[in-house]
Amino acid sequence: MEKDYNFNEVPRNWRFCFNGACPRNGDCLRYQAALELPADWTSGQAVFPTALNNGECRYFRSNEKVRLATGFVIKDNPQLSRMFVALRHVLTEHLGSQGTYYLYRNGGKWLTPAQQEGIRQTFRKAGYEGEVTFAEYKEDYVF
């Protein structure tokens, strides 16, 4: 992997992997980030080698960039705006908490592709047939 991220973007609670024997370490963001650990980091969270089971690791995180989104766009569509009010509780549960919901809605946190799809599915289940879009997109790693 060609490193094109700033190590300061790696969260302090990130689980690093040091399993050099893992067959997927070349494609794993956890392992690649561990190779970049600053010398003054002497402790932290880690994925144990025992997480590797039959060539699979549930902690594997792809080092491929994905399309992240932030900010729910609802202003231009009155139907969608009403649905957001009605579905806020469902969306809050999907995103973790009320505070987190507002961070995503107002552009303070980035939604993964799975979270974006979960929001779209929530609206489809509620009967909305239009496109759910977001205020801003970027290509980045999912730490």
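Here the shortest heavy-atom pairing between Leu87 and Ala126 reads CD1-CB, 3.6 Å. A pairwise comparison of heavy atoms in Gly26 and Asn63 identifies O-ND2, 3.1 Å as the closest pair. The minimum heavy-atom distance linking Arg24 with Gly55 is given by the pair CD-O, 4.0 Å. Here the shortest heavy-atom pairing between Arg30 and Arg61 reads NH2-NH2, 3.4 Å. The two residues Gly108 and Thr70 have their closest heavy-atom pair at N-OG1, 4.0 Å. Among all heavy-atom pairs drawn from Ala39 and Thr42, the shortest one is O-CG2, 4.3 Å.
By the 4.5 Å heavy-atom criterion applied to side chains, Gln121 and Glu117 are counted as neighbours.
We find the OG1-CZ distance between Thr112 and Arg67 to be 13.5 Å, quoted to the nearest 0.5 Å. Atom CG of Leu91 is separated from atom OH of Tyr104 by 12.5 Å, given to the nearest 0.5 angstrom. Atom CG of Leu103 is separated from atom CD of Gln98 by 11.0 Å, given to the nearest 0.5 angstrom. Rounding to the nearest 0.5 Å gives a distance of 10.0 Å between CD of Gln116 and CH2 of Trp110. Taking CZ of Phe60 as the reference point, atom SG of Cys17 lies at 10.5 Å (rounded to 0.5 Å). Summarising the geometry, atom CG belonging to Leu68 is positioned 8.5 Å from atom CG belonging to Leu111; distances are rounded to the nearest 0.5 Å.
No donor-acceptor pair closer than 3.5 Å links the side chain of Asn54 to the backbone N or O of Glu56. A distance-only check finds a donor-acceptor pair linking the side chain of Asn6 to the backbone of Asn8 [under 3.5 Å]. Looking only at distances, no side-chain donor or acceptor of Glu9 sits under 3.5 Å from a matching main-chain atom of Tyr141. Remark: side-chain polar atoms of Gln115 are not paired, donor with acceptor, to backbone N or O of Leu95 under 3.5 angstrom. With hydrogens and angles ignored, the 3.5 Å screen pairs no side-chain donor or acceptor of Asn19 with any backbone N or O of Asn25.
Screening residues 84-94 for side chain to side chain donor-acceptor pair (under 3.5 Å) gives Arg88-Tyr102, His89-Glu93 as the qualifying pairs, with residues at least two apart or on separate chains. Residue pairs meeting the ring pair (Phe, Tyr, Trp, His ring centres under 6.0 Å) criterion with at least one partner in residues 31-53, sequence neighbours excluded, are Phe7-Trp41, Phe16-Trp41.
Within 6.0 Å of CD on Glu139 lie more than 12 heavy atoms contributed by other residues, nucleotides or ligands.
Qualifying ring-ring contact (aromatic ring centres under 6.0 Å, His included) partners for Phe18, counting only residues two or more places apart in sequence or in other chains: none.
Cluster membership check: Val47 does not share its hydrophobic cluster with Trp14, using side-chain heavy-atom separations under 4.5 Å among Ile, Leu, Val, Met, Phe, Trp and Tyr. Tyr137 and Val66 are not part of a single hydrophobic cluster, where members link through side-chain heavy atoms under 4.5 Å apart.
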